[in-house]
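Please read all numbers here as calculations on a predicted model, not as lab measurements.
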Amino acid sequence: MSAKSTVFRAKLVQKQGQKTCLTYTTAPQVSWALYQLYPFLIIFDGLLNNLMWCCDDICLPFIYLVLMTLVVSCESVLSEGSNVLGSLVNSWFGLMSGAFIMFSCMYYVSSVLWELKQDESPTLDDIVVMMDNVHYKLEKMREDVARVFRLQRRDFPFLLIVLTPLNWLVATYLVSSENYVKIIVTAGLVFHSSWCQCTLRLIWRSLFARHLWFIVCKRRDSTATDRDAHRYTVLRPALDVVIPRELALLESPQCAVKLKPYVRDATVRGCEHLRGDPNFTWTKVETVEYRICENQRKWPLDGWTHNTLAYERTKFTTGWGKGWQQSVSPWEFQESLEPDWFWIDDGWMPHDWDYCDADWNMLGSKDSLDCYTRSRSWTRSAFRKLSPQQAT
Amino acid sequence: MPQRSPSRGRRDSVIGGLMARKYESKAKAELDLEPKRVTNRQLIHGVASSFLEAAYQRLQSSRLTDKITIDEDYDSFAQTANSETSESFWKDENFRQEYEPSSDAGTSLEPLKAGYANSSKEKKITSETQEHFVDILLDKMISTILPDNFPEREQFTQRVNDPLRKKRQKLSATIFANNLKVLTTKLGAIFELQDSVIRLLAWRNPSGTVTMLVFISMICFNPIFLAILPLLYVLYGIMVPGYMHRHPPNRTAFLSRRTYGKSFLVSLTSGGEKTSWHPSDDIQEYDYNLDSDPLGHQRAHHIKQSMEFVVNLRDLQNSMSTMVSLSKSMEKFVFGTAGFKDEHRSTALFLAGLGTLLLLWLVSPLINWSMVSTVSVWTVMIVIHPKVRSRLAQIIKEDQVNRSREVLERTERYDIILDEPPDVRFIEIFEIHKQGIMPKDWAFLKFSTNVFDAQDSYRKAQVPPPGVDSLEEIKPPVTWAFDNNSGWEIDYNVEAWSQDRGLELDIEDEFLVDGAFKRRRLVRKVLRYANPARKPSYK
């Protein structure tokens with residue numbers, strides 16, 4: 001290996017678990033309180049480990065899960081009553097499982113306390129690392145929940161309205177109450193495992209799943225509020241434009257057509273230098289800018305295409321952010337301009353692409369690994385001559 | 001050998017730890033006892049690898065030079081396809097920037113690999129021109145093992161000439177060695193599996209055992225789980241870990257210094273120390289950024305590879321020994337116990353089996369088999385738990401076992417009655433007399449199995465036929481016994497036996513006379529209780 005061929009590489013930032021010199025910077029009372037907290041932290045961490053299935057022995061959470069389901073099935077004894085022996089066995093198993101879980105918990109707690117007593121007392125760093133651990137895991141669990149229930153507050157009523165009868169139907173007709181509780185317990189115990197999370201992430205990759213999700217949770221109210229307000233932004237509500245006197249005498253449509261170069265001049269340079277010139281007269285126009293966004297999504301094999309997902313932005317949209325509206329292409333749109341409006345620019349001006357993440361949150365102007373969508377605006381300004389009443 | 005030096009860098013310690021964890025248990029005993037064996041092992045490995053390497057090179061070159069049919073070409077492609085495309089297979093589409101520039105920017109990232117490629121290319125060039133002597137040697141060896149006039153070749157012609165079989169590759173030491181080499185490196189997972197099964201059965205991984213029992217119970221109560229569980233394993237045992245490797249969920253922030261607390265289940269049911277539960281191959285470091293200590297990394301990797309190779313080879317040998325002993329005991333059962341070698345035992349076994357069969361047949365509709373099988377599996381697993389087993393051994397004393405065994409033997413001995421009438425056959429012998437000088441002067445010559453007529457080859461050769469001089473010397477045929485209640489009897493129906501043999505000679509009393517010799521036929525009853533027990537063809 002020659003020195004020339006060696007590639008120099010930067011190093012990743014490592015997580016700094018150990019805080020330096022905590023002992024000297026922490027008040028003794030705080031240290032004491034933390035020390036008292038330590039066993040609880042460990043026990044809580046153990047609970048979290050079992051919930052997240054990230055303990056050393058991954059079979060244990062599974063066994064607890066089985067025991068929990070057995071406990072749940074014990075409750076159904078009264079309702080069944082058909083097979084006495086079976087329900088007796090069931091309830092015996094349920095009770096035993098419950099007792100086993102209880103005893104396991106007690107044993108675990110006592111073994112933690114005993115081992116702590118046997119071991120040398122923890123350093124402040126140990127305690128802080130444990131706190132960090134617990135905090136990190138709680139944060140992860142919160143993220144898990146938040147990722148699934150990525151809901152706006154206004155979606156909740158809709159969800160309640162849809163899900164409550166559904167829930168009732170399922171619980172009444174499809175599954176018995178025992179199974180219902182079993183499913184809920186299982187789901188709750190499994191949900192935070194990395195397998196479940198990975199499964200959800202993998203499911204999220206499927207278009208079908210996303211459609212389903214959109215139908216259930218993200219159905220937006222499609223009442224387009226002031227549709228045209230999104231189409232353009234008013235640049236100047238009343239721009240003073242100086243025009244030759246003979247032009248002002250013309251009828252409104254002919255006048256407006258010829259007005260274009262003067263409006264352009266006025267927007268670019270202003271026309272204060274012509275103030276006072278007797279050959280010219282003043283009129284007022286409203287200039288606006290039409291803006292249509294072109295949207296694309298990055299596909300691993302085809303690169304950037306207009307093939308976007310069904311529930312997200314279409315090929316051309318107007319408006320930005322959450323309030324986008326589907327639109328026709330700029331070249332179709334320019335044909336349908338209202339008669340009193342006239343284009344200032346000769347053509348549509350494309351802007352640079354804005355690269356966004358999968359949810360159309362803008363990230364920057366360059367394509368990068370985390371950019372999955374991009375959008376660019378086509379703009380073209382237009383004006384209309386204001387009548388004297390409008391001008392005032 | 002892996003040197004664990006805690007003072008070295010993080011990577012080294014990680015790999016060292018990995019190495020140590022993987023091989024501590026396997027290698028420690030041998031290493032501690034006999035430090036010399038290290039060099040032996042290296043020697044063995046060196047020899048083996050060079051031999052296999054040579055064989056591999058031979059395979060490569062033979063592919064180039066031989067005139068091969070399309071089928072053969074396809075087959076050899078199928079054989080070597082993996083090794084040829086594996087390089088590109090392991091490249092990651094998401095990290096194209098990591099390997100593509102390196103191909104022309106000179107070997108900076110993977111100097112070892114590139115160097116290897118160069119050297120192997122050189123080797124290939126040299127080996128194209130000359131056959132490796134090891135190969136010639138091996139071919140010689142095989143040809144000595146399988147000579148052309150192999151006696152039982154006819155028996156195998158169908159197998160050999162089978163068109164499907166013909167398409168496949170011929171027996172070749174090189175391919176065999178190559179396959180062995182590749183397999184040996186990959187068999188680790190299988191042996192790891194074997195170990196983990198043993199760990200499960202020995203309760204050294206109690207929670208795993210209980211999980212296994214839960215799964216078995218599920219299968220018992222709903223056999224469709226037999227189909228579901230493998231799929232579940234593929235999805236969550238192979239695929240999701242693969243996904244998690246690529247997109248780590250990062251469920252834990254920091255590793256704690258130590259874990260406190262014990263599980264009640266584990267402490268209650270642990271049957272012993274478990275050395276490792278996760279196969280340590282899972283903890284490999286796939287790192288494209290081999291900057292910190294590439295040489296050390298290579299070295300560790302190399303050590304790991306060679307260690308693994310030898311350990312796997314040893315395990316392979318051991319499992320082959322197990323296979324051999326297993327096949328031996330199978331043989332013992334098939335040809336011994338099931339072959340009525342010991343007729344008492346076999347009869348008892350058959351009757352017991354028949355009884356069980358009938359009982360099961362009759363009773364099976366009345367039994368909840370899910371429950372029974374679940375309970376029996378749990379019972380068996382609990383009974384073979386080391387602690388329970390020792391308790392049970394205390395309860396069930398040895399003399400009790402012996403007594404029950406005696407009872408069983410007595411049952412076998414006296415409750416099984418072997419009194420079938422034996423096979424009855426007759427044996428014959430010819431008492432041959434020779435004519436003396438006088439026509440009526442006959443002298444006894446021999447008791448023989450040959451009629452000793454004029455066409456007899458011994459007679460033509462003018463030597464007496466094979467035989468004995470007294471009746472006491474005659475033994476019954478193999479596996480037969482004389483009937484003690486009947487002696488040798490003279491066959492007076494001379495006409496019949498001489499006609500059977502196509503002899504038309506003079507008959508004098510009980511003798512058949514042909515001039516120089518006369519003979520009479522003696523017959524005796526022999527008995528046989530049973531045919532000899534079956535034997536394998538090679539015994």
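- Side-chain atoms of Ser111(A) come within 3.5 Å of backbone N or O of Lys262(B) as a donor-acceptor pair.
- In this structure, Phe264(B) and Phe103(A) have perpendicular ring planes: the angle between them is above 60°, well past the 30° mark.
- Taking chain B as the reference chain and counting heavy-atom pairs below 4.5 Å, the highest number among Ile63(A), Ile42(A), Val66(A) is found for Ile63(A).
- Looking at residues two or more places apart in sequence or on another chain, you find no ring-ring contact (aromatic ring centres under 6.0 Å, His included) involving Phe191(B).
- A pairwise comparison of heavy atoms in Cys59(A) and Gly208(B) identifies SG-CA, 3.6 Å as the closest pair.
- When the candidates Ile43(A), Leu116(A), Asn49(A) are compared by the number of heavy-atom contacts under 4.5 Å with chain B, Leu116(A) comes out ahead.
- More than 12 heavy atoms of other residues, nucleotides or ligands lie within 6.0 Å of CH2 in Trp299(A), so this atom counts as buried by the packing criterion.
- Contacts between Leu369(A) and chain B at a heavy-atom distance below 4.5 Å are absent for every atom of the residue.
- None of Tyr108(A), Tyr64(A), Tyr107(A) except one satisfies the side chain to side chain contact (heavy atoms under 4.5 Å, CB included) rule with Ser263(B); the exception is Tyr64(A).
- Interface with chain A: from residues 211-236 of chain B, residues Thr211(B), Val214(B), Phe215(B), Tyr236(B) qualify, criterion being any non-hydrogen pair under 4.5 Å.
- Contacts of Gln197(A) with chain B are made by side-chain atoms alone, with heavy-atom separations under 4.5 Å and no backbone atom involved.
- Here Leu202(A) is the residue among Val109(A), Leu202(A), Leu113(A) with the most heavy-atom pairs under 4.5 Å with chain B.
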